[in-house]
Amino acid sequence: MVEIFLEKATKYFGDVRAIEDITLKIRSKELMVLLGPSGCGKTTTLRLIAGLERLTRGKIYIGDRLVDDAVKSFTPPRYRKVSMVFQSYALFPHMNVYQNIAFPAVLAKWSKSDIRKRVLELAEMFGIKELLNRKPHQLSAGQQQRVALARALVIQPEILLLDEPLANLDAKLRTAARAMIKRLHLKFGCTTVYVTHDQIEAMAVADRIAVLNEGILQQVGSPDELYTKPANTFIADFIGSPSMNIVECTFDEEKSILDFGIFHIKVPENISKALKGCSDVIFGVRPERIEISPSRIPDGVEMEVYVVEPLGDRNIVTVSKGEISFKVVTPPTFKVDIGTTVWLKFNINDIHIFDKKTGKAII
Amino acid sequence: MYKGFLKNITEPSLEVLRYVILIAMLFYILTPLVWLFITTFHPRGGPYLEIPEKPTLENFLILFGIVKMRVGAAAHPVYMHKWLLNSFIIAITTMIIVVVLSAMAGYALSRLKFRGKSILMASLLIIGFMPTIAKLLPLYKLCIMLGFINNLIGVAIVVASGALPVQIWIMKGFFDHIPRDLEEQAWIFGCSKLSALFRVVMPAAGPGLMVVAFFSFLAGWGNFTVPLILIRTETLFPVSLGIASVFLHHPGEIGLAVEYGPLCALSLIYALPSIILYYLTRRYLMHIKLARIEVGV
């Protein structure tokens, strides 16, 4: 269908940078999630695609049309053939549910019978058939969200933009709605851009994720890529729950060890080669990839249990020694008491090493 | 029970006190209205309160010229139905001018950023609260130049100019509470800026427009000062001026030349629009549910 291409997209509000030099290709029919903490520029990016903001520099293409080149060419939202669901859902308060859903089709000058057929079809699909005569303020948050989605899909859009579509739902509804959106995307096949600050939500729905921080694109990749190969410490910290253990250390080239001060880890030759010339590095390991044992392991690191958080399906054990601490995810059957001594072992294939100066991943 | 009874005597509950105050206040507010109501239905209404033995609608019939006045009565009831019509013309015209202009100005002040906006807002409010009398001299000269003398539309234009500033503020407040998302959503679905304004923003601002319509109609309906300086001919008087003129023309002859019956009927009709309009717009006035959708309860 249609792909979206941002070329060095830059947006400033006065002197404040919203996004800078973002080059991103959103493939046809793909569900791309823009992920980042609040204020990272993800909503601005979405609004730029919709045409609600104009670029300061750069270009945006929708399909092969140049819709914004920051100078002369600018296509207003109504000609962009995009559909959007706002975080607030933006249901028109003076219209009932039927009129709300029908609104885009009315503007597109569909015949009355076509509109009726389509609205009823969508109402059936979203389970809001009984609500068609209600006004938006008489609906629950979940119902409002479904009405907003139905309205966005009423005239088969090529591009669907979703701005934090689940943010106003409670936790239980959110999981269900997440699955619904994923199914909808399969069914309608629109190129979808989905903005969220919730990394679990992003991982759950995305084909690919673009992570932004402070207006800069950090990494683009599939959920799996972001999880296994974070490009920098920001991604490493942001993706995964609990987040990756990140500890500063120094690399001793002669002895081929990572020196943490109170303990050290020997690294094999291939890693040692990659680290040639770096002395100050950041060591990262996922909590679920650490081996932990209450009894001594050969070459294990001896640490003390600081706290144990049993979550039912797993335990999160925090261990520490001196200034250094690690979170470790264990099966619920792993029982240790606070204050006891445990031994950790890091699998060399599961560790990440980042440059301390730039934060970029070395291995 | 005995104990309770004693308690009631020695310690009158707040409930009782509340009713006493309420009744006193009602008496204070309602006495003239009750008087008006009783005299209206009296066949020979006079300046004294007298409950009619046989209530009649004759005064209304005289008012609208359906029944002829008895011989020897004062002449002013002949004009009364015209006064009503004049008041209505002034009120409706004022309302249309104020609603249209305050909607446009309020929207602009709410959505657009421009230099000097805060000064404009402040001066609107200051001018809005200035008494019309203060501006009377230049206003009068201007009205002569513009041909507003003996012109009902001219009166409405002047009344509207006085009512506008505050109503613009009210409208701006309503527009401020309509989320921008609604407009942006309409643009995305294919509306131009203008069609989004008329399809989405104005309907969503409906309660605000109703409130402004309510106030501006009553501003035109009840205005006395402006017609007083602009209208000279008795047939063009609005009710406010008409009723006053009856008393002004016949000082010292109260009870003789003033036809109390028809005059009370007129006054009663004159008082009605505020009740009717209140009834029509009460849900917007009482709890002005601004057009915001409460999300997440």
Side-chain angles (χ1 to χ4, degrees), chain A residues 43 46-47 49-53 76-95 99-110 135-145 147-148 151-152 154-155 157 159-161 163-164 166-170 173-174, chain B residues 99 103 106-107 110-115 117 171 173-213 280-281 283-297:
Chain A
T43 297
L46 198 74
R47 290 172 61 84
I49 296 171
L52 298 173
E53 307 285 352
R78 66 191 150 123
Y79 300 123
R80 291 199 180 188
K81 289 182 185 159
V82 300
S83 206
M84 181 163 171
V85 175
F86 284 78
Q87 181 172 359
S88 65
Y89 308 137
L91 298 178
F92 303 128
H94 59 290
M95 298 182 191
Q99 290 163 326
N100 261 290
I101 298 176
F103 187 77
V106 171
L107 286 178
K109 301 205 164 66
W110 286 20
K135 286 282 176 70
H137 67 89
Q138 297 168 308
L139 304 178
S140 71
Q143 290 165 336
Q144 287 184 11
Q145 189 237 17
V147 173
R151 184 177 61 175
V154 73
I155 45 169
I159 292 169
L160 180 62
L161 308 175
D163 187 6
E164 301 263 8
L166 310 183
N168 293 323
L169 306 181
D170 60 48
L173 260 178
R174 205 174 293 175
Chain B
V99 167
Y107 180 76
S110 166
R111 291 296 196 261
L112 305 180
K113 278 184 200 155
F114 51 87
R115 197 182 288 193
K117 182 171 158 180
M171 255 350 273
F174 272 94
F175 284 123
D176 283 347
H177 280 89
I178 297 174
R180 260 161 205 265
D181 289 3
L182 290 185
E183 270 166 278
E184 293 178 343
Q185 182 80 79
W187 299 342
I188 284 172
F189 287 147
C191 281
S192 65
K193 289 204 174 178
L194 204 64
S195 79
L197 182 62
F198 285 106
R199 279 174 182 273
V200 173
V201 182
M202 286 301 172
L209 292 171
M210 294 296 277
V211 170
V212 168
L280 290 176
T281 57
R283 63 197 179 104
Y284 306 116
L285 288 167
M286 288 301 270
H287 46 113
I288 299 169
K289 232 187 202 168
L290 296 171
R292 186 207 300 262
I293 307 163
E294 300 296 337
V295 173
V297 187

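Protein chains get the first letters and strands the later ones, always in sequence-line order, with residue 1 at the start of each.
Proximity of B/Phe189 to A/Pro77: side-chain heavy atoms (C-beta onward) are nowhere separated by under 4.5 Å.
Of all the heavy atoms in A/Leu91 and B/Leu182, the pair that sits closest is O-CD2, 3.3 Å. Here the shortest heavy-atom pairing between A/Ala50 and B/Ile188 reads CB-CD1, 4.0 Å.
Taking a 6.0 Å sphere around NZ of B/Lys117, one finds it holds more than 12 heavy atoms contributed by other residues, nucleotides or ligands.
When the side chain to side chain contact (heavy atoms under 4.5 Å, CB included) test is applied to A/Arg78, the partners found at least two apart in sequence or on another chain are B/Ser192. Judged as a side chain to side chain contact (heavy atoms under 4.5 Å, CB included), and not counting sequence neighbours, the contacts of B/Ala186 are A/Phe92, A/Phe103, B/Cys191, B/Ala196, B/Val200.
When heavy atoms are compared at a cutoff of 4.5 Å, A/Arg47 approaches chain B solely by way of its side chain, counted from C-beta outward.
Without hydrogens or angle criteria, B/Gln185 side chain to A/Met84 main chain gives a donor-acceptor distance under 3.5 Å. Using a distance-only test at 3.5 Å, with no hydrogens or angles considered, no donor-acceptor pair links the side chain of A/His94 to the main chain of B/Met202.
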TODO: Would you sort out whether B/Arg180 and A/Leu52 count as a side chain to side chain contact (heavy atoms under 4.5 Å, CB included), showing the intermediate values?
DONE: CA-CA 11 Å; B/Arg180 260 161 205 265; A/Leu52 298 173; over 6 Å; no

